[in-house]
Amino acid sequence: MLDPRLIRSELEQTAAKLASRGFTLDTAAVEALEARRKDVQVRTQDLQAERNTRSKSIGKAKAAGEDIAPLMAEVGKLGDALKAAEQELGEIQAEMEAIMLGVPNLPHDSVPVGKSEEDNVEIRRWGEQISFDFETKDHVDVGEGLGQLDFDTAAKITGSRFAVMSGGIARMHRALTQFMLDLHTTEHGYTETYVPYMVNRDSLRGTGQLPKFAEDLFKLEGEQNYYLIPTAEVPVTNIVRDVIVEADYMPRKYVCHTPCFRSEAGSYGRDTRGMIRQHQFEKVELVQVVRAEDSYQALEDLTGHAETVLQRLGLPYRVMALCTGDMGFSSAKTYDLEVWLPSQNCYREISSCSNFEDFQARRLQARWRNPESGKVELVHTLNGSGLAVGRTLVAILENYQQADGSVKVPEALLPYMGGLTVINKA
RNA sequence: GGAGGGGUGGCUGAGCGGUCGAAAGCGGCGGUCUUGAAAACCGUUGAAGGUUUGUAGCCUUCCCAGGGUUCGAAUCCCUGCUCCUCCGCCA
């Protein structure tokens, strides 16, 4: 959520910035609503003040043993007007909040302006694009060839966009999460965290998935209205919801491995083959809670932490700065990490690292006590995948495939593979 | 699933329906004292919002959340959430 003061005092500039990311703010409607709000709020508060003073005088008169009947008659008339004003104010505020909850974050000044994916800017590359002197298979053919990756069985068990893994591939999948968790906890200073995989609406509203993106989520039946998490970002970032932390809490760095569940509604034709886009996948997520002045350095650091995973695994990648038109709803700045997939002869997203500034913090009421100012201030939140495990597995199957159909185990994973150095057909 | 008891400011913990935004203690901050520190003493110390040129004043709201009763609710009623204790069940 944006600072409401921007809407009040810098409406046009704010609308212009939002337009750069393809969002149209109805400034006339906002302005009109804001004018009404001002009027009705002042009126309501005046009435409340009057009621309070009169009620107090009744209390005093009663204590003094005076006749309170005339005072009662006077205040009685206030009731209806006050009730009506309060209701109107409540409606206006709800309307304003509904609008504000649907407004995306403002892009940071350093974000390239653009309309779509095409306008994203490559920041750097790492590693050599691999080419094979044999026919390159994609991860589906590699995995199925090994008899350890099975989409048909998954489709029978559940439906499309699921996978069954077994043997060495399943082991490598597990090894990847262990490797990533160990790397981030021991070398990058993150605290390992375990969280619920189902969350309530407040949490989803806090990080920005609700109310706007309900169709991307799996909702559970039952009275509780729980949702399956689409990313660990939701439960982990919500650790600081409704909390005022002390200064020494920050910087706070959490790493968390969870499954993620996404309905992928609206992506019907896309990536239907293989495990690039699944309803269920594992992810190791990095989350940081920092002071405002530190958040852009933190974004660089966090992105670097995710890159380290790819480097250790020897997977070629590039870093993209997303343009204004391609960024997620809550983000002020995002770097995507894209890994090289030889079968597609292109780079595919494997991590997304974002600085949300105070956008999530305002929704979350996540704040800290600044000893210098003595004031309570909003924290800044960031997160990034470090990495998406399923896609990392895909990248390894493709980049480490060998002529005989086997897959070499990357050196960094050897300690986690129980002696397995090559994945062969079972 | 059954029975019972709680949810109050950073923390602990009081609070006959009427100056209660809330006693007291702890903690924090400032000061006195001290060579310095501790102790002691004094003072201070919640958040959100509105009005406003204003970090000045004034006003509103907030004692888990949402309804209700009342001129007036932290205090009474209802619903929900949540925590604790005991019993049952269970990985």
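Here is the naming used below: chain letters follow the sequence lines, and residue numbers restart at 1 for every chain.
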So what does [X] hit on the nucleic acid, given a heavy-atom distance under 4.0 Å: a base, only sugar-phosphate, or nothing?
{"X": "A/Asn52", "value": "sugar-phosphate"}
{"X": "A/Lys62", "value": "base"}
{"X": "A/Arg37", "value": "sugar-phosphate"}

In Å, rounded to the nearest 0.5 Å, how long is the span from [atom1] of [X] to [atom2] of [Y]?
{"X": "A/Tyr226", "Y": "A/Leu220", "atom1": "OH", "atom2": "CG", "value": "9.5 Å"}
{"X": "A/Lys283", "Y": "A/Cys260", "atom1": "NZ", "atom2": "SG", "value": "4.5 Å"}
{"X": "A/Leu89", "Y": "A/Gln45", "atom1": "CG", "atom2": "CD", "value": "7.5 Å"}

Practice task
Hey, which sits more toward the 5' end of RNA chain B by its nearest nucleotide, A/Ala49 or A/Ile58?
Solution key: A/Ala49
Practice task
Nearest-nucleotide wise, let me know which of A/Glu246 and A/Arg51 is further upstream toward the 5' end of RNA chain B.
Solution key: A/Glu246
Mate of [N] where both pairing distances stay under 3.5 Å, Watson-Crick or G-U:
{"N": "B/rG17", "result": "none"}
{"N": "B/rC29", "result": "B/rG43"}
{"N": "B/rG1", "result": "B/rC87"}
{"N": "B/rA56", "result": "none"}
{"N": "B/rA65", "result": "B/rU79"}

Span that lies between the [atom1] atom of [M] and that of [N], in whole angstrom:
{"N": "B/rU32", "M": "B/rA37", "atom1": "P", "value": "11 Å"}
{"N": "B/rA74", "M": "B/rC90", "atom1": "C1'", "value": "40 Å"}
{"N": "B/rC20", "M": "B/rU60", "atom1": "P", "value": "15 Å"}
{"N": "B/rU52", "M": "B/rC63", "atom1": "P", "value": "28 Å"}
{"N": "B/rA23", "M": "B/rU45", "atom1": "C1'", "value": "16 Å"}
{"N": "B/rG6", "M": "B/rU55", "atom1": "P", "value": "44 Å"}
{"N": "B/rG46", "M": "B/rC33", "atom1": "C1'", "value": "31 Å"}
{"N": "B/rU34", "M": "B/rA22", "atom1": "C1'", "value": "38 Å"}

Handout entry: Leading and trailing nucleotides of RNA chain B with any atom under 4.0 Å from heavy atoms of chain A
Key = B/rG18 to B/rG72
Problem - Ionic contact status for A/Arg262 with A/Glu264, cut-off 4.0 Å - result: no
Problem - Salt-bridge criterion met for A/Asp358 and A/Arg362 (N-O under 4.0 Å) - result: yes
Please tabulate, for side-chain N and O atoms in residues 20-29 of chain A, each donor-acceptor pair with protein atoms closer than 3.5 Å (sequence neighbours left out).
{"residue": "A/Ser20", "atom": "OG", "partner": "A/Lys17", "partner atom": "O", "Å": "2.7"}
{"residue": "A/Arg21", "atom": "NH1", "partner": "A/Asn105", "partner atom": "O", "Å": "2.7"}
{"residue": "A/Arg21", "atom": "NH1", "partner": "A/Ser331", "partner atom": "O", "Å": "3.2"}
{"residue": "A/Arg21", "atom": "NH2", "partner": "A/Met327", "partner atom": "O", "Å": "3.2"}
{"residue": "A/Arg21", "atom": "NH2", "partner": "A/Gly328", "partner atom": "O", "Å": "2.5"}
{"residue": "A/Asp26", "atom": "OD1", "partner": "A/Ala28", "partner atom": "N", "Å": "3.4"}
{"residue": "A/Asp26", "atom": "OD1", "partner": "A/Ala29", "partner atom": "N", "Å": "3.2"}

Check: residues 409-422 of chain A side-chain donor-acceptor pairs under 3.5 Å, at least two apart:
{"residue": "A/Tyr416", "atom": "OH", "partner": "A/Asp182", "partner atom": "OD2", "Å": "2.7"}

Exercise for the section: Determine whether more than 12 heavy atoms belonging to other residues, nucleotides or ligands lie under 6.0 Å from atom CZ of A/Arg273. Expected result: yes
